[in-house]
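For reference, the structure discussed in these notes is given below.
Residue numbering restarts at 1 for every chain, and letters A, B, ... go by the order of the sequence lines. We use all heavy atoms of the structure for the numbers below, so side chains are in, but hydrogens, waters and symmetry mates are not.
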Amino acid sequence: MKLAFIFFSMVLVNNYVLVKFLGICPFLGVSKKLDSSVGMSAAVIFVMVLSTAVTWPVYTYLLVPNGLEYLNNISFILIIAVLVQLVEIALRKFIPPLYKSLGIYLPLITTNCAVLGVTMLNIETPSLIDPSAPYYTYPEALLCALGAGVGFGLAMVIFSGVRRKIELAKPPKPFEGLPITLVAASITSLSFMGFSGLLESLFGIVV
Amino acid sequence: MKGKTTNFGVFVNGLLKENPVLRLVLGTCPTLAITTAVFNGLGMGIAATFVLICSNMVISALRKLIPAQVRLPAFIVIIASFVTLVHMLIKAYVPALNDALGVYLPLITVNCIILGRAEMFASKNGVLKSALDGLGMGLGFTIVLVLMSAVRELVGAGTLLGFQIMPEAVSPLTVAILPPGGFFVFGCFMALAIFLETKMGNKPNVNLQCGACPSADNCPAKGVGEA
């Protein structure tokens, strides 16, 4: 139950793109077409879960016992960069069709703050399941990463639909292009605010 | 532009013509996320400027030693080291700022302004010029952050730097400091920048410039979303 709460709160209430502003660059850059936004989201979900799967144990079993918590930033970004490279090479070698559809989005992900953000938040957010744990436990962290990725995908897909409509509209001259897209993102984000409070009443958990 | 080669030209470039946020569309995430109060905007701007100057200087000093194939990981490690430094300093001396910025402070590491300038400028220019470029870009970033947060704080909370400005009778529009307000104010600022530039006779590029992204050169997705 609490795991489901974490998952849905990451997807709807704490949506990484529209509420926490992480991963705005790909959100604005790749959301013009539906298929590219789906490809990008799939790649992000994959890398988020994978990097959390590696960074959480590294932090818990390597950095914390040695008193090196302050190195989390450097080590996480390196792990993400290496993982993205590995995934790219592995995909190209073993699953070429998947590489063709996902591969081109992978290099964009290394410097995506949503991925580093989710790994950092996982070791900072207090655990819901185990009150004695200093931060999310491993299953919680993985689920949180999955939820963040799915939330990213949801926002991308919804927004690519919104953008198709914007293409047809004619805004005032200085607003053409990116500015009107941002205003549209503002309205999309407004709609996501409607979800706040929903989960607390649904699951009966107060955060 | 002749002034571009002079040191002063390099410095001014980041303030207006190539303002990282409004013109190059880099570093959008912190711009939207932390501009809810002037204090946060100022703190974030100064922290990022410091990292930008230091990393630009170190990268420019090492630019002949770093092999081209591994330059991006090398840059990221240098940047991450400075961010860790700043993070620890802020934690120790300005804990209030650390609480306000939260996870966005360590995330300066992946702020594309810093990696972008390392890749586009510091890896090709001398130490002094790179430092000036970092200072100009950092100031350009800080100015936009402070202006945006001033608008959002004034409208959303009726205060500036925590002092009550609006009369009590005017109830604040809280939505301005919530996420939708961030997108909206940012959109308006960008439109204003484009408007001013058109007034001055330049023809601004209104599309998102993928080319400004630090990984543009080795990114096969470049231009995918633009068709």
Side-chain angles (χ1 to χ4, degrees), chain A residues 18-26 28-33 36-37 39-40 70-78 81-82 103-108 110-117 120-121 124 171-193, chain B residues 25-34 72-73 76-77 79-81 83-84 87-88 102-104 106-107 109-112 115 175 178-196 198 204-208 210 213-215 218-222 224-227:
Chain A
L18 294 170
V19 178
K20 291 209 168 166
F21 300 120
L22 296 169
I24 298 288
C25 298
L28 294 175
V30 202
S31 67
K32 261 193 185 163
K33 282 204 255 146
S36 59
S37 49
M40 181 72 188
Y70 63 89
L71 282 181
N72 61 2
N73 199 345
I74 301 180
S75 50
F76 285 10
I77 188 82
L78 274 179
V82 170
I104 55 167
Y105 303 107
L106 285 173
L108 279 174
T110 316
T111 50
N112 182 343
C113 45
V115 177
L116 185 63
M120 299 280 237
L121 282 172
E124 277 170 13
K173 195 94 186 120
F175 272 96
E176 268 172 24
L178 205 48
I180 193 69
T181 313
L182 284 165
V183 174
S186 152
I187 297 166
T188 318
S189 146
L190 201 60
S191 69
F192 266 75
M193 274 177 63
Chain B
V25 203
L26 293 173
T28 41
C29 302
T31 309
L32 289 164
I34 53 92
L72 283 182
I76 291 179
V77 174
I79 295 168
S81 320
V83 172
T84 307
H87 191 186
M88 290 167 98
V103 75
Y104 297 100
L107 283 182
T109 316
V110 280
N111 186 328
C112 25
L115 191 60
V175 74
L178 295 174
F183 280 113
F184 187 76
V185 174
F186 190 31
C188 293
F189 263 72
M190 206 175 273
L192 187 69
I194 292 173
F195 176 72
L196 289 177
T198 330
N205 185 354
V206 289
N207 284 315
L208 179 65
C210 233
C213 166
S215 27
N218 31 20
C219 173
K222 188 178 171 186
V224 163
E226 281 159 22

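- Using a 4.5 Å cut-off between heavy atoms, S81(B) contacts chain A through both its backbone and its side chain.
- For a residue to count as touching a neighbouring chain, one of its non-hydrogen atoms must lie under 4.5 Å from one of that chain's; by this rule A81(A) does not touch chain B.
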Taking only distance into account, with no hydrogens and no angle test, what donor-acceptor pairs under 3.5 Å do side-chain atoms of residues 178-192 of chain B form with protein atoms, sequence neighbours excluded?
none

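- Shown here are the side-chain hydrogen bond (donor to acceptor under 3.5 Å, both in side chains) partners of N111(B), two or more places apart in sequence or in another chain: there are none.
- Of the residues considered (I187(A), I74(A), L22(A), L71(A)), I74(A) shows the highest number of contacts with chain B, using heavy-atom pairs under 4.5 Å.
- Atom OH of residue Y104(B) and atom OG1 of residue T31(B) lie 11.5 Å apart, to the nearest 0.5 angstrom.
- Note that CG of N72(A) is 11.5 Å distant from CD1 of I77(A), once rounded to the nearest 0.5 Å.
- For a residue to count as touching a neighbouring chain, one of its non-hydrogen atoms must lie under 4.5 Å from one of that chain's; by this rule L116(A) touches chain B with backbone and side chain alike.
- Options P172(A), A185(A), S37(A) differ in how many heavy-atom pairs under 4.5 Å they form with chain B, and the most are formed by A185(A).
- Interatomic distance, T109(B) OG1 to H87(B) NE2, rounded to the nearest 0.5 Å: 10.0 Å.
- Within the 4.5 angstrom heavy-atom criterion, atoms from both the backbone and the side chain of L18(A) approach chain B.
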